[in-house]
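What you are looking at is a predicted structure, and each value in this text was computed from that prediction instead of being measured. Naming convention: chains lettered A, B, ... in sequence-line order (proteins, then strands); numbering from 1 in each chain.
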Amino acid sequence: MTRRTVEPILWLLFSSGGVMAALFVPVLLFLFGLAFPLGWITPPDHDHLQAVASHPLTIIVVFVVFVLCLFHAAHRFRYTLYDGLQIKHLKELVAVLCYGGAIVGSALSAYVLLTVA
Amino acid sequence: MSGHPAYTEFHPRWYRRQMSTWWWLGKRAYLVFILRELSSVFVAWFVVFGLLMLRAVGQGDGQYQRFLDWAASPWVVVVNVVALLFVLLHAITWFNLAPKAMVVRLRGQRVPGSLVAASQYAGWVVLSAFVIWLLVGAG
Amino acid sequence: MADSITLQVTRYRPEEESEPTIQEYDVPLGRQWSVLDGLNYVKDQIDGTLSFRWSCRMGICGSCGMTVNGEPKLTCGAFLTDYAPGPVRVEPLANFPVIRDLVVEIGDFIRKLPSVQPWIVREEERPVSEGEYLQTPEELDDYQQYSMCINCMLCYAACPVYGLDPEFMGPAAIALAQRYNLDSRDEGSRERLDVLIEHEGIWGCTFVGECTAVCPKGVDPAGAIQRYKLTAATETLKSFLLPRGAR
Amino acid sequence: MTASHDVLLIGGGGAGLRAAIAVAETNPELSVAVVSKVYPMRSHTVSAEGGAAGVIADDDTLDEHAYDTISGSDWLCDQDAVEAFVQEAPEELLRLEHWGCPWSREPDGRVAVRPFGGMKNMRTWFAADKTGFHMLHTLFQTSLKYDGVRRYDEWFVTKLLVDDGRVHGVVAVELMSGRIEAITAKTVILCTGGCGRVFPFTTNANIKTGDGMSLAYRAGAPLKDMEFVQYHPTGLPFTGILITEAARAEGGWLLNKDGYRYLQDYDLGKPDPHPVLRSMELGPRDRLSQAFEHEVEKGRTTDTPYGPIVHLDLRHLGAKVIDTKLPFVRELCLQYQNIDPVQELVPVRPVVHYMMGGVHTDIDGATPLGGLYAAGEVACVSINGANRLGSNSLPECLVFGARAGRAAAQYAAEAGEPPSAVQAQAEDERRRLERTLADRAGGGERISTIRSEMQQVMEDSAGIYRSQDSLAKGADQLAQLQERFRVADLDDRSRTFNTELTAMLELQAMLDVAETMVQSALRREESRGAHQRTDFPARDDARFLAHSLVHRNPDGSCRVEYLPVTMTRWPPGERVYGR
Ligand SMILES: Cc1cc2nc3c(=O)[nH]c(=O)nc-3n(C[C@H](O)[C@H](O)[C@H](O)COP(=O)(O)OP(=O)(O)OC[C@H]3O[C@@H](n4cnc5c(N)ncnc54)[C@H](O)[C@@H]3O)c2cc1C
Ligand code: SF4
Ligand code: F3S
Ligand code: FES
């Protein structure tokens with residue numbers, strides 16, 4: 001094993017994020033983005049939500065889901081820019097921006113989740 | 001001389017075509033592909049939205065209610081509807097394509113891709129039901 | 001049904017013109033005629049200057065790939081009646097330089113192919129006198145699908161990533177690497193991985209999936225590449241987790 | 001460009017690639033090059049479906065394979081060559097296994113074998129029904145491993161350079177650019193395949209135009225046994241696409257229009273629901289194709305726009321057997337005939353398939369011309385005699401490709417540099433080709449007209465049944481066609497990928513080959529194997545247990561001579577099938 005790129009690791013993050021995004025995001029987005037605000041389903045009261053959200057297990061799961069989703073999105077968006085806009089010459093910049101965004105987002109997630117608890 | 005064939009390596013008279021920036025409009029499959037790839041933007045949006053929600057929850061009931069009101073404002077609803085559609089596109093394409101990456105074997109027999117996909121969909125439904133129960137039912 | 005159909009054929013005469021043009025020909029709409037039969041009718045009866053490749057006319061030599069009504073096709077396996085009443089657009093395969101008319105230059109693939117070592121690699125070769133390597137039908141089944149590639153290049157023509165970045169190794173070459181990786185007789189997967197783990201190898205592919213959609217032989221290069229990504233990623237992870245040297 | 005190599009292969013099919021690897025392995029110091037008018041993996045070997053014979057089963061013997069081959073050939077093959085062939089075939093097939101060929105397997109992992117026409121035991125190795133495809137791609141991909149093998153893909157050889165009775169290289173056109181170059185070499189191996197396109201209705205690909213036979217013939221090497229052309233009994237009407245013999249080996253039946261297994265009327269055995277070796281549908285190809293002609297005469301075939309047909313019945317095999325053993329047959333029937341063999345009868349008729357004859361060589365592939373070797377379908381060693389057995393030809397490409405490669409490597413190691421005289425010859429050839437492009441006056445006939453007339457002449461004069469009258473008439477017509485060809489016209493004057501020019505060069509080769517076929521057939525006043533004379537219906541060992549050799553006279557006409565057949569252990573006998 002001589003040469004190693006980070007690409008395989010990024011891809012692993014991308015694909016596990018893809019699984020997370022496929023499994024969790026539709027239902028969560030439906031509930032919090034539409035059903036609750038629009039009153040299709042009575043939103044859970046604050047205390048219940050607070051209780052669920054501050055449970056250590058939830059914190060871990062939500063953190064994992066968020067981080068993986070961010071890396072999934074960053075990786076995919078990076079290639080969308082390559083393919084769709086043909087900006088090969090900006091390769092490095094695009095990569096830095098995409099994954100940089102994901103790292104910042106992950107840090108923010110950690111911060112927010114800890115403050116909820 | 002190496003193993004390479006003896007080509008005229010470069011020929012000025014070859015006609016080289018350039019792909020247009022709009023290549024993905026040319027064929028339905030390409031368009032679906034680009035839409036699928038754009039779902040990434042909405043996955044990211046979901047994380048942002050979720051973080052805003054969690055922060056509101058952390059700041060007490062008042063902030064939480066205000067968050068729900070904000071989320072009901074028309075432009076946020078529109079964004080979320082679009083986002084939901086994209087995320088569903090992602091989920092469906094993902095479940096359909098995932099069996100390609102894995103070869104699942106049961107007692108030495110290769111499990112057909114359709115079966116793998118079906119079991120994923122089943123898992124998806126169960127998980128979604130659990131999340132709903134956790135948030136709504138258990139209250 | 002009409003008894004003739006119009007072919008709109010892309011012509012490119014490098015000695016006379018700097019860009020391709022379109023020429024129309026009417027050909028009989030025979031009941032069993034393929035697009036290739038139509039082109040041969042043109043060549044034999046109307047215009048001997050039309051150039052295209054073909055040989056086996058039975059979908060196995062892989063030389064007659066062209067773009068028919070926008071889709072990469074083996075013209076010997078695309079039938080005129082399916083395009084009636086026409087017209088049928090016949091263009092050279094996309095993503096390759098055009099040498100002339102419907103003939104494209106595929107040297108890029110031919111040059112890339114050896115780099116994935118599409119042959120059996122063994123640490124120690126067993127003498128032929130010791131007989132065959134045993135391989136059960138199940139083991140054969142593991143790679144058989146990927147061994148069906150006729151190198152027709154339809155998948156390269158359909159893959160936008162290859163069109164955008166000719167450095168990309170491309171679907172068929174990776175499927176062939178996978179064909180040998182999955183062969184129970186082979187021990188070369190490590191060496192192939194080192195080549196394919198580069199950006200121009202498997203990672204360039206964003207799973208457009210059109211390669212598989214157009215493949216006339218059911219090879220499923222998209223699936224091969226995805227499987228390969230999974231293997232490459234887990235191998236990498238292992239090499240991070242395990243101490244150095246302990247492969 | 002002055003390219004020069006030690007060993008030059010013409011042809012990148014099964015024989016050519018095997019020979020190239022043999023040279024590289026024999027002597028890695030040598031520079032080897034493969035010139036091919038199509039990319040090697042497009043060569044016609046790719047179309048072979050059924051399998052490759054080599055003794056491997058415990059209950060099989062080399063002698064039985066030899067006997068089947070010799071009796072199948074109607075005793076016209078050279079028995080020393082056959083013995084070498086059956087001996088080395090299993091080794092070669094195993095070597096291919098080691099190189100990765102995906103042979104079909106038994107449940108325990110050993111290589112599987114299937115029955116085949118005219119073979120008394122199961123000894124035909126197969127890779128489903130794409131044997132040739134898998135063999136060719138295995139060889140091609142394996143050849144990439146050898147750095148010493150250089151390739152000239154899509155270069156068309158137009159002439160052998162000969163000086164003082166020795167071959168020193170070739171002149172070839174690079175199709176892409178149109179440049180015409182001399183490629184000199186110490187030895188040249190012809191592996192250019194057969195010439196089925198001389199006939200109108202053939203299983204052969206467009207590239208099978210007998211170029212190599214014509215190149216050798218014009219260079220002064222004789223062609224052997226050119227009157228023996230194999231008709232395969234089961235081709236799809238209209239396209240001529242082959243339905244492999246494996247379909248019958250797996251249990252398929254041939255039915256006439258009354259649904260009757262007509263082969264039982266032609267001394268080929270009694271019908272049995274299961275395939276019986278060397279019997280009925282598993283009889284040799286010449287006998288089956290001849291039986292079809294008799295059915296036509298009796299009015300027991302079905303008429304279609306593409307001529308009379310009989311039916312191949314595979315329905316009783318069931319979808320499972322068809323999908324595992326004959327998937328390509330199903331694919332071809334569905335695609336090209338709109339018929340599903342699982343449920344429907346497949347229409348078939350005999351179709352020109354293989355050339356038993358070819359460039360005269362010895363057992364090491366050497367031709368009488370110094371420095372020139374030949375192997376594969378272009379050559380006549382001969383192991384096929386008057387009728388080739390199915391599945392003998394793929395291993396022939398391997399065995400004699402390897403032999404020719406080794407012999408040529410040895411020859412090249414000892415040979416000197418090509419003399420300068422050949423450069424002048426190459427210059428002449430270049431001028432001839434350039435004139436062909438420039439001087440065709442216009443207003444002449446189309447290449448395609450002459451080609452289709454030639455094909456019709458061959459079908460009418462030298463088909464499954466021939467006679468003095470038909471052949472003599474054919475010879476006259478061919479002579480006229482030669483005249484017309486001289487003033488035929490080219491539409492295309494471009495240098496870039498000029499496929500009309502190659503079609504013209506191919507037509508020239510086919511006209512040569514056609515003439516040698518008709519002339520040899522005319523002289524052979526007997527019926528043997530695939531050569532059936534209505535005016536001489538019996539085999540005549542006293543006069544014709546001999547190979548015919550056609551030489552080209554300086555004036556372009558030809559001269560037929562005879563060469564005794566080599567016998568070792570099997571004296572001529574009666575060909576018995578189904579008893
Ligand atoms: C449909 C079909 C099915 C068959 N099935 C079987 C089977 O099951 N079992 C079996 O044993 N046999 C079978 N055969 C026969 C067997 O496939 C052939 O005899 C064999 O493949 C010939 O191989 P080859 O290497 O001699 O020639 P080919 O594979 O025909 O190769 C010829 C090569 O020569 C090159 N060439 C020709 N002319 C020129 C030129 N002028 N300049 C440069 N290059 C040139 C071509 O580019 C090509 O690379 C089948 C044949 C057909 C037609
Ligand atoms: S993978 Fe399929 S489409 Fe691509 S070259 Fe091979 S056979 Fe053709
Ligand atoms: S079309 Fe191209 S992007 Fe990948 S899945 Fe196929 S190689
Ligand atoms: S002509 Fe061979 S694949 Fe179409």
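Heavy atoms closer than 4.5 Å to chain C are found in the backbone of D/N204, but not in its side chain. At a 4.5 Å heavy-atom cutoff, D/T209 makes no contact with chain C through either its backbone or its side chain. Only the side chain of D/F133 comes within contact range of chain C, with at least one heavy atom under 4.5 Å from a heavy atom of that chain. Heavy atoms closer than 4.5 Å to chain C are found in both the backbone and the side chain of D/R495. Proximity to chain C (any heavy atom under 4.5 Å) is restricted, for D/E106, to the backbone atoms N, CA, C and O. Contact of C/N40 with chain D is not made at all, since no heavy-atom distance falls under 4.5 Å. In this structure, the portions of D/I207 lying under 4.5 Å from any heavy atom of chain C include both its backbone and its side chain.
Between C/F79 and D/Y336, a ring centre-to-centre spacing shorter than 6.0 Å is recorded.
A distance of 9.5 Å separates CZ of C/R31 from CZ of D/F238, quoted to the nearest 0.5 Å.
Looking at C/N95, its side chain does come within 3.5 Å of a backbone N or O of C/Y156 through a donor-acceptor pair. With hydrogens and angles ignored, the 3.5 Å screen pairs no side-chain donor or acceptor of D/R18 with any backbone N or O of D/L139. A distance-only check finds no donor-acceptor pair linking the side chain of C/S51 to the backbone of C/R100 [under 3.5 Å].
Ring orientation note: the planes of D/Y152 and D/W155 are nearly perpendicular, at an angle over 60° on the 30°/60° scale.
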